[in-house]
Amino acid sequence: MLKKIIWTAAIGLLLLVAVLAVRTLSFTPVATTPVNPVTLNVDVASVSQHLSEAIRFQTISYDNSAKRDVAKFRQFIQWVQQTYPLLQQQLELTPVNELTLLYRWKGQDSNKAAVLLSAHYDVVPVTPGTEKLWQQAPFSGAIADGFVWGRGAMDDKGAAVSMLEAITLLLQQGFQPPHDVYLALTHDEEIGSSEGAAAVSALLQQRQVNLAWSLDEGSFVLRQMVPGVAADVASINVAEKGFLNLQLTVQSPGGHSSMPPAQTAVSILALALTRLTDQPVAGGIDGLTADFYDQLGPHMAWLQRMLLANRWLFGPLLEHELSKIPTANAMLRTTTAPTMLTGSIKANVLPQQASAIVNFRLHPRDSIDAVLAHASKVIADPRVELSVVQGMAASRVSDQQAIGFARIGDAARRAYAAPAGTATTDLIVVSGLTIGGTDSRMYEAVAKDSYRFNPMLLTSAELGGFHGNNERISQDNLHKAVLFYHTLLGSL
């Protein structure tokens, strides 16, 4: 009897190993057509100098828009018009709320659906007191060590300048697109896009303009940022997360700190925050996240490839391990981040009220109401009052099989294609999810599909530059970006 059980177990194990092996061996990359590198003469020094000049304009968006220095924004606009005269001569310009620029490049057939390229030129402030931590002054636009330095270099003046340079080159070559192309340079993306992209969308709706697709920031060419993948990955994101700012408030009698009750408003609030962070919204490798890993898995090393090819068995293990990596965890679920706290006015005074703001970034599978219900269930304390401060649902999911996605992917592959005879691995193009917010969500009302991709190579070491210190962009990235936009527009 024992021998029979052992043989049965052995046969079962062999069958399992066989199933795992077959599924792993069949989990192979989708065949792609080889592409030729772009051959285009780009004056990288000139492009770098133009971005340097653009960075010097302190087009800062503050949470309080009344603090905006409008003169700096007007100076930037004047600089654009002086630096790129062909756009002013050959494209139709419509100022939107004065500070956003909407260009229309008339195509051969304006009855065909148009496309929109977008970038924002406003930037976040530099945190006071951190200026000394920058290797180059934040608004110097210094060109040093192969980089252009300064606030906005990556987010998002680098893309704006690269678009302007590429369009100028095409105009010099006498190119006219087959249909209308719109270019939006927006001024308030960092504070919600209400005056910029939202107004552009409303204007296009009013003019009954139909966009086949739009392209804005949202992801990059990622180098060594996906565990197990050696090649560079162009993540063309087809959706973006929403958000929910939830306020937690606890009331208490207050009093002197020398006679505290068993629980104060602060300790009750702290317990609620701990419960929220310890019990995050359920996630999983499904939907967009599954698409992302299904496209990348075949390019991974054997172990990761086997795990992803057999999610029916290893799914819980994968989710557990990916949850430990902040960037991967953000792809899996709606994230939970307590960000703001208020309490007592003095160290020896018990607060009569303590409150916190928790920022949730909503995965497309979750709604605001669902997350609110989750928070209430997890906290499970009637003393903690929950109120929605602000929220926005996740975006619509765009079609990764549509022509716009293909055009963007092909342009990226060509811009990053290695010369013939080199051993460099081809760029991998995948669809993904933007974990932050962009102008793209505003274009959904007029665009059939909205894509999010910035054609610049990013490593984990450069992540800290976004809204942080030492923001910079390499001159090689500027070169690649001009190649990308020129190729994309030239292939319409």
Side-chain angles (χ1 to χ4, degrees), residues 35 87 90-94 96 100-120 159-160 162-164 166-167 170-171 175-186 193 196-219 234-240 288 291 364 395-415 429-434 438-455 481 484-492:
V35 296
L87 271 78
Q90 299 188 39
L91 273 62
E92 174 189 305
L93 171 62
T94 302
V96 179
T100 280
L101 303 180
L102 178 64
Y103 288 94
R104 178 196 177 205
W105 190 357
K106 194 174 185 304
Q108 298 170 27
D109 185 354
S110 294
N111 292 319
K112 292 181 179 179
V115 300
L116 167 72
L117 270 59
S118 182
H120 68 90
S162 298
M163 289 179 191
L164 292 166
I167 292 173
L170 287 164
L171 291 172
F175 175 78
Q176 184 183 17
H179 49 67
D180 289 357
V181 173
Y182 288 87
L183 171 65
L185 300 180
T186 65
S193 311
V200 166
S201 182
L203 178 63
L204 293 178
Q205 284 182 279
Q206 180 184 336
R207 293 181 176 178
Q208 298 183 321
V209 173
N210 296 314
L211 300 176
W213 49 271
S214 66
L215 175 63
D216 189 27
E217 63 173 344
S219 188
S235 183
I236 301 169
N237 292 355
V238 295
E240 66 184 63
L288 288 178
D291 288 345
S395 75
R396 185 178 67 227
V397 179
S398 294
D399 186 358
Q400 67 188 74
Q401 303 301 324
I403 187 64
F405 187 96
R407 296 271 194 235
I408 295 165
D410 288 345
R413 291 180 65 221
R414 288 198 63 198
V429 176
V430 300
S431 59
L433 170 66
T434 295
T438 73
D439 277 339
S440 281
R441 65 194 185 278
M442 300 298 177
Y443 300 133
E444 290 186 353
V446 288
K448 184 177 179 182
D449 292 300
S450 296
Y451 302 111
R452 301 151 179 87
F453 176 66
N454 197 325
F484 168 83
Y485 289 118
H486 185 278
T487 302
L488 176 64
L489 291 168
S491 67
L492 294 176

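For this chain, numbers begin at 1 and follow the sequence in order.
In this structure, the side chains of Leu87 and Trp105 stay at 4.5 Å or more apart for every pair of heavy atoms. Ser398 has its side chain within reach of Tyr451: a pair of non-hydrogen atoms, C-beta onward, lies under 4.5 Å apart. Two residues are said to be in side-chain contact when any heavy atoms from C-beta on lie closer than 4.5 Å; Leu492 and His179 meet this criterion. Residues Tyr485 and Leu170 have side chains not in contact (no heavy-atom distance under 4.5 Å, counting atoms from C-beta outward). The closest side-chain heavy-atom distance from Tyr103 to Val181 is not below 4.5 Å.
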Ignoring hydrogens and angles, write down the donor-acceptor pairs under 3.5 Å from the side chains of residues 206-215, residues two or more places apart or on other chains.
residue : atom : partner : partner atom : Å
Arg207  : NH2  : Thr94   : OG1          : 3.2
Ser214  : OG   : Ser450  : OG           : 3.2

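Here the closest heavy-atom approach between residue Pro178 and residue Lys112 is recorded as O-CD, 4.2 Å. Here the shortest heavy-atom pairing between Tyr182 and Leu204 reads CE2-CD2, 3.9 Å. Among all heavy-atom pairs drawn from Val96 and Ala199, the shortest one is CG1-CB, 3.5 Å. The shortest non-hydrogen separation linking Thr100 to Gly196 is OG1-CA, 3.4 Å. Residue Leu102 comes nearest to Ala184 through the heavy atom pair CD1-CB, 4.2 Å, listed as atom of the first residue, atom of the second, then distance. Looking at every heavy atom in both residues, Ala402 comes nearest to Asp449 through CB-OD2, 3.7 Å.
Partner of Ser193 under the side chain to side chain donor-acceptor pair (under 3.5 Å) criterion, out of Thr438, Thr186, Asp439: Asp439 alone. With Leu183 as the fixed residue, the side chain to side chain contact (heavy atoms under 4.5 Å, CB included) test singles out one of Leu489, Leu91, Leu116, Leu117: Leu117.
Residues satisfying the side-chain contact (heavy atoms from CB on, under 4.5 Å) test with Ala445, not counting sequence neighbours, are Ser201, Gln205. Applying the salt bridge (charged side-chain N to carboxylate O under 4.0 Å, His left out) criterion to Glu240, with sequence neighbours excluded, gives Arg441, Arg452. Ala239 meets the side-chain contact (heavy atoms from CB on, under 4.5 Å) test with Leu288, Ser395, Val397, Leu433; sequence neighbours excluded. For Lys106, the side-chain contact (heavy atoms from CB on, under 4.5 Å) test picks out Arg104, Ser110, Asp180, with sequence neighbours left out.
For the pair Arg414 (side chain) and Leu488 (backbone), a donor-acceptor distance under 3.5 Å is absent. The closest donor-acceptor contact from the side chain of Ser431 to the backbone of Val238 lies at 3.5 Å or more, if one exists at all. Counting only distance, with no hydrogens or angles, the side chain of Gln90 and the backbone of Leu171 share no donor-acceptor pair below 3.5 Å.
Sorted by first and then second residue, the salt bridge (Lys or Arg N to Asp or Glu O under 4.0 Å) pairs with a member in residues 398-413 form an empty list; sequence neighbours excluded.
The CD atom of Glu217 lies 8.5 Å from the OG1 atom of Thr434; values are rounded to the nearest 0.5 Å.
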